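This is a predicted model, so every value here is computed, not measured. Within every chain, numbering begins at 1; the chains are lettered A, B, ... in the order of the sequence lines, protein sequences first and strands thereafter.
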Amino acid sequence: MADRYAPQGIEQKWQARWEADRLYHAPDFDPRPKYYFLTMYPYPSGDLHIGHWYAMAPSDAAARFKRMQGYNVLFPIGFDAFGLPAENAAIQHGIHPYTWTMDNIERMRGQLRSMGASWDWEREVVTCDPGYYKWNQWFFLKMYERGLAYRALAPVDWCPQDNTTLAREQVVGENRVCERCGTPVVKKNLEQWFLKITAYADELLDFSKIDWPERVKVLQQNWIGRSGGVEFSLPVRDHPGRSFAVFTTRPDTVYGMTFAVLAPEHPLVDELTAPERRAEVEAYKFKAARASDIERLSTEKERDGVFIGAYAINPMNGAPVPIFVADYVLLSYGTGAIQGVPAHDQRDFEFARRYGLPIRVVVAPPGWRGEELERAYLEEGTMVNSGPFDGLPSPEGWQRIADEMERRGVGRRMVNYRLHDWLISRQRYWGTPIPIIYCQTCGTVPVPEEDLPVLLPHDAEFRPTGESPLKYHEGFRRVRCPRCGGEDAERETDTMDTFIDSSWYQYRYLSPHDQARPFDPQVGRYWLPVDQYTGGIEHAVMHLLYTRFWTKVMRDLGLVDFDEPMLRLYNQGIVLGPDGQRMSKSRGNVVDPDEQVRQYGADTVRGYLMFMRPWDEGGPWDPKGIEGVHRWLHRVWALVTDPVPQGTRADARISLRELRHRTHATVKRVTEDLEHFRFNTAIAALMEFTNFLQNVKGTPSGSGPAWEEAIRALLLMLAPFVPHIAEELWAKTGRPYSIHQQAWPQYDPELARAETVTLVIQVNGKVRDRIQASSDISAEEARRLALESERVRRVLDGRPVSDVIVVPGRLVNVVVR
RNA sequence: GCCGGGGUGUCGGAACCGGUAGACGAGCCUGACUCAAAAUCAGGUGGGGGAAACCCCGUGCGGGUUCGACUCCCGCCCCCGGCACCA
């Protein structure tokens with residue numbers, strides 16, 4: 001008996017050797033074709049979670065596979081190092097965010113190394129490094145120059161728990177809570193910095209240049225929420241010169257307007273409200289301001305509102321309609337005002353029912369005889385009650401009314417988006433300072449490029465006051481105006497959203513130490529764009545939208561010559577606890593990767609994570625399931641290292657052709673599976689192959705060139721999945737270092753084809769017999785064999801055969817009526 | 001409500017350009033080894049009927065197309081995820 005598989009010794013040994021030999025360093029240029037494989041970089045929260053392994057171990061296998069296929073693979077790693085948890089640790093435990101973050105990074109580096117992944121550590125990026133965030137500031141200034149970064153007073157979402165504003169994308173769910181801490185957000189009117197992502201809204205809807213999951217594309221589409229319609233203006237009766245605009249996607253229904261609605265916060269409400277209605281309107285506005293609380297309390301969202309005592313004029317027919325305020329109209333979308341067309345909008349319908357407003361049908365449903373509607377009719381139909389447009393099909397009416405409004409100058413076609421500009425100001429310390437100075441005489445002045453980076457001072461005080469700690473740092477805040485030299489200038493004390501860091505980190509990996517520019521364009525020409533990106537789905541409308549936006553801006557700045565940052569995207573699933581629940585410390589179901597590695601070795605943990613389920617599904621961690629993978633690796637070890645028991649099974653015959661066939665067929669399967677990230681079936685194929693080789697061992701076929709070919713292929717195929725045991729067995733069998741620099745095995749399609757097949761014989765679609773036959777059996781021969789089959793004849797029982805279907809090499813179906 | 005994904009043994013799953021349903025692994029059962037257990041190895045394992053040969057049923061439900069349907073079409077049910085008064 002040879003020695004047994006003991007991963008603990010061999011894994012560290014090889015990890016050290018690979019690193020010393022710079023085995024995975026990707027050169028800036030290379031004659032080989034490049035492959036940029038990027039996995040979302042981790043946040044240094046403290047300890048590596050099994051979820052990190054689930055995201056990274058299969059990525060590593062895929063990157064290793066590409067490398068063996070002859071690509072120069074860039075597989076970088078870094079840390080998303082700015083963010084709230086570091087600052088909260090400072091407030092709660094008095095540790096400086098920098099110390100907290102760098103300690104965590106140091107610990108995680110060690111844990112990540114234990115995975116045996118093929119990262120190029122020489123390109124590591126840490127975003128809280130001034131050498132990194134300097135370029136956040138630089139990009140910001142470029143955007144400011146182009147009008148893509150601007151400051152505005154706007155109602156913004158504020159998290160009272162985290163004491164900062166949030167981007168719209170960071171507010172989630174029905175109750176509009178902070179995506180980080182789950183606290184309901186409140187609205188505040190603040191001067192904040194925005195990036196003009198809406199300028200790219202239409203281009204962001206174009207996914208034709210990227211191969212991304214349908215799910216993500218749909219999420220982004222919905223998030224951008226493009227809708228085409230008409231914006232037109234309603235004069236207010238008895239208020240000369242006063243009017244307000246409404247946006248509608250249904251100008252064809254304008255004659256059906258029987259009321260109009262303003263959002264409670266609409267700037268015209270106060271002015272238009274009649275004195276006798278004021279008290280009621282004020283009460284309603286107060287209620288609406290607290291709407292998020294009330295909504296959660298009411299079981300049913302009642303559509304309510306208040307008449308303000310004024311009338312708007314329908315510009316198409318001059319009819320006056322009452323104006324209401326109602327909180328189902330949002331100030332943040334369109335113009336904050338709508339036409340109320342109850343016959344053709346369900347919300348307006350319910351509102352009209354409640355307040356006894358007329359419901360006027362202007363698009364007749366097919367066969368409509370003037371009866372009352374049960375609910376709003378939303379489909380197309382024939383225009384009625386619409387003056388000169390009567391009788392038109394409603395889609396044509398849509399265009400004609402839009403034309404008429406434009407001709408008269410009361411309205412115009414336009415497009416509205418749900419997408420808002422990206423609010424990037426954060427009232428927190430641990431982020432990139434926004435490089436802006438406010439001067440009493442010059443106004444808003446950008447920090448000159450040569451003064452970058454604006455360093456984040458180390459000695460700030462952390463107080464959860466709701467204002468940026470930098471505001472209280474006199475040395476930081478007080479500054480000379482770079483334009484006029486005046487003393488009365490102050491720095492912006494808010495910091496940037498950390499999603500800015502991750503919007504362009506893929507570029508920094510190309511030249512992480514470049515002092516003169518965000519990345520070297522020469523290196524970029526070789527490596528960009530990212531060929532494959534992998535990560536969780538949770539960033540679908542945040543990071544993944546922002547980074548597309550960022551790249552388009554970089555293109556318009558002349559920094560890159562392509563439109564999309566990442567050509568292919570894959571979203572892996574989530575590992576759950578053994579109880580099927582999301583892992584959490586409070587539930588006590590957290591699987592610690594370090595502990596698993598100590599018990600089984602990194603290869604087993606990697607292998608199990610890939611074998612457990614399809615990568616995009618994730619699922620519960622099964623403590624028994626990992627045993628199966630561990631046993632398999634033991635079997636592989638024994639298969640390769642145990643001396644062959646000569647002639648012990650000389651009676652058992654497996655032909656050389658069969659051995660070679662199984663080898664080549666397995667190479668084919670594993671290659672194809674790896675190309676599609678089907679790690680689970682790839683490993684299943686390798687297990688099958690191992691089991692097969694165990695049966696061959698000891699038989700006459702268990703030695704010689706065909707056997708050597710099989711073992712060699714097995715080890716090469718193992719290399720991406722379980723790199724340490726593969727390297728060890730490769731060395732133990734006298735093969736030259738390193739297995740990870742070998743070419744991926746090729747298969748011969750001829751050999752991959754089976755020599756004999758099981759021909760299935762059916763009668764009327766039911767399997768009645770199975771016959772071993774040559775795989776290139778002719779249709780006639782197959783047909784003859786089927787009809788001669790004893791079992792078939794018995795089932796036929798003399799009935800005449802009406803048809804015989806032959807699928808070459810697969811089956812024969814004998815049809816009787 | 002809308003959008004996306006999915007319902008297959010005891011469990012995770014495989015097959016899905018229509019052609020042997022249940023690969024691989026887990027669990028369970030039997031046997032070998034052992035004083036015994038663990039580990040390891042060998043065999044079995046969808047349900048029902050039968051002594052056996054073999055037969056019937058079976059991929060959420062109901063229809064359909066087809067020589068043949070887990071796979072395609074129509075109509076439902078259920079589960080997971082996302083968005084949610086977007087005019």
Side-chain angles (χ1 to χ4, degrees), chain A residues 1 4 172-174 176 213-219 221-223 225-227 229-231 246-250 253 261 263 291 295 301-303 326-330 332-341 344-348 350-351 416-419 537-538 540-541 573-574 580 607-608 611-614 616-617 619-629 631-632 634-635 638 669 678 680-691 694 757-770 791 794-795 802-817:
Chain A
M1 204 56 182
R4 284 172 53 83
V172 297
E174 203 168 354
R176 300 187 42 76
E214 196 56 29
R215 209 161 36 139
V216 175
K217 292 193 283 188
V218 167
L219 278 168
Q221 243 168 48
N222 293 344
W223 189 259
R226 182 186 205 277
S227 54
V230 169
E231 188 178 302
V246 298
F247 173 75
T248 180
T249 54
R250 294 294 303 275
T253 65
V261 185
E295 261 169 32
K301 279 180 216 159
E302 296 240 342
R303 218 167 291 296
D327 67 359
Y328 80 92
V329 173
L330 310 173
S332 56
Y333 185 77
T335 61
I338 61 155
Q339 57 165 355
V341 184
H344 305 294
D345 182 286
Q346 188 58 26
R347 293 156 302 185
D348 297 348
E350 285 161 24
F351 192 80
N416 251 302
Y417 301 95
R418 279 185 40 163
L419 181 72
I537 184 79
E538 65 274 13
V541 294
I574 318 167
Y608 173 61
F611 178 64
M612 134 180 138
R613 293 187 116 197
D616 58 346
E617 284 177 25
W621 176 273
D622 178 2
K624 300 299 283 187
I626 191 170
E627 300 271 359
V629 174
R631 281 177 214 155
W632 168 56
H634 270 106
R635 290 205 305 277
R669 274 175 72 184
R678 292 189 298 242
N680 57 330
T681 48
I683 290 183
L686 289 169
M687 286 174 168
E688 258 185 272
F689 189 47
T690 309
N691 296 346
Q694 278 183 312
V757 291
T758 306
L759 198 61
V760 172
I761 314 296
Q762 298 181 333
V763 177
N764 285 350
K766 283 189 177 177
V767 179
R768 297 298 179 181
D769 202 359
R770 293 182 170 90
R791 295 177 190 198
R794 201 164 58 229
V795 174
S802 57
D803 201 2
V804 180
I805 314 279
V806 180
V807 182
R810 285 211 107 120
L811 64 63
V812 180
N813 190 9
V814 179
V815 186
V816 290
R817 297 256 174 243

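Atoms CZ (R810(A)) and C1' (rG19(B)) sit 6 Å apart, rounded to a whole Å. The nearest whole Å value for the distance from the CD atom in Q694(A) to the P atom in rC41(B) is 7 Å. Look at CZ on R768(A): it is 8 Å from C1' on rC55(B), rounded to the nearest Å.
When each of rC24(B), rG82(B), rG19(B) is scored by its nearest atom to the side-chain atoms of L219(A), the top-ranked nucleotide is rG82(B). Closest to the side chain of E214(A), from the set rC54(B), rG4(B), rA84(B), is rG4(B). Here the nucleotide nearest the side chain of E688(A), chosen from rA23(B), rC54(B), rG19(B), is rA23(B). Distance from the side chain of I805(A) is smallest for rG19(B) among the nucleotides rG19(B), rG12(B), rG4(B). Side-chain atoms of K766(A) lie closest to rC56(B) of the nucleotides rG12(B), rA87(B), rC56(B). Of the candidates rC41(B), rC54(B), rC3(B), rC54(B) carries the atom nearest the R791(A) side chain, counting heavy atoms from C-beta on. Nearest nucleotide to the V767(A) side chain, out of rG19(B), rA84(B), rA21(B): rA21(B). For N813(A), whose side chain is taken as the heavy atoms from C-beta onward, the closest listed nucleotide among rG19(B), rU20(B), rA84(B) is rG19(B). Looking at the side chain of Y333(A), the nearest of the listed nucleotides rU20(B), rA87(B), rC56(B) is rA87(B). Each of rC67(B), rG4(B), rG25(B) was ranked by its minimum atom distance to the side chain of R215(A); first place goes to rG4(B).
Counting non-hydrogen atoms under 4.0 angstrom, P614(A) reaches the backbone sugars and phosphates but no base. Using a 4.0 Å heavy-atom cutoff across all strands shown, R678(A) reaches no nucleic acid atom at all. Within the nucleic acid shown, V329(A) comes within 4.0 Å of at least one base atom, counting heavy atoms only. As judged by a 4.0 angstrom heavy-atom cut-off over every strand, N691(A) is placed among residues touching the sugar-phosphate backbone only.
Proximity of a side-chain donor or acceptor of N416(A) to a complementary backbone N or O of S227(A) within less than 3.5 Å is not detected.
A search for side chain to side chain donor-acceptor pair (under 3.5 Å) contacts involving T758(A) returns Q772(A), not counting sequence neighbours.
Pairing of rG27(B), defined by two Watson-Crick or G-U wobble distances under 3.5 Å, is identified with rU45(B). Base pairing analysis places rA32(B) opposite rU40(B); the two distances defining the Watson-Crick or G-U wobble pair are each below 3.5 Å.
The structure places CZ of R635(A) at 7.0 Å from CE of M687(A), a figure rounded to the nearest 0.5 Å.
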Restricting to nitrogen or oxygen on both sides, can you table the protein-nucleotides 27-32 of chain B pairs closer than 3.5 Å?
from: rG27(B); atom 1: OP1; to: K624(A); atom 2: NZ; distance (Å): 3.3

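A side chain to side chain contact (heavy atoms under 4.5 Å, CB included) with F611(A) holds for exactly one of T681(A), L686(A), I683(A); it is I683(A).
At a cut-off of 3.5 Å, with distance as the only test, no side-chain donor of N222(A) or R418(A) sits close to an acceptor on the other residue.
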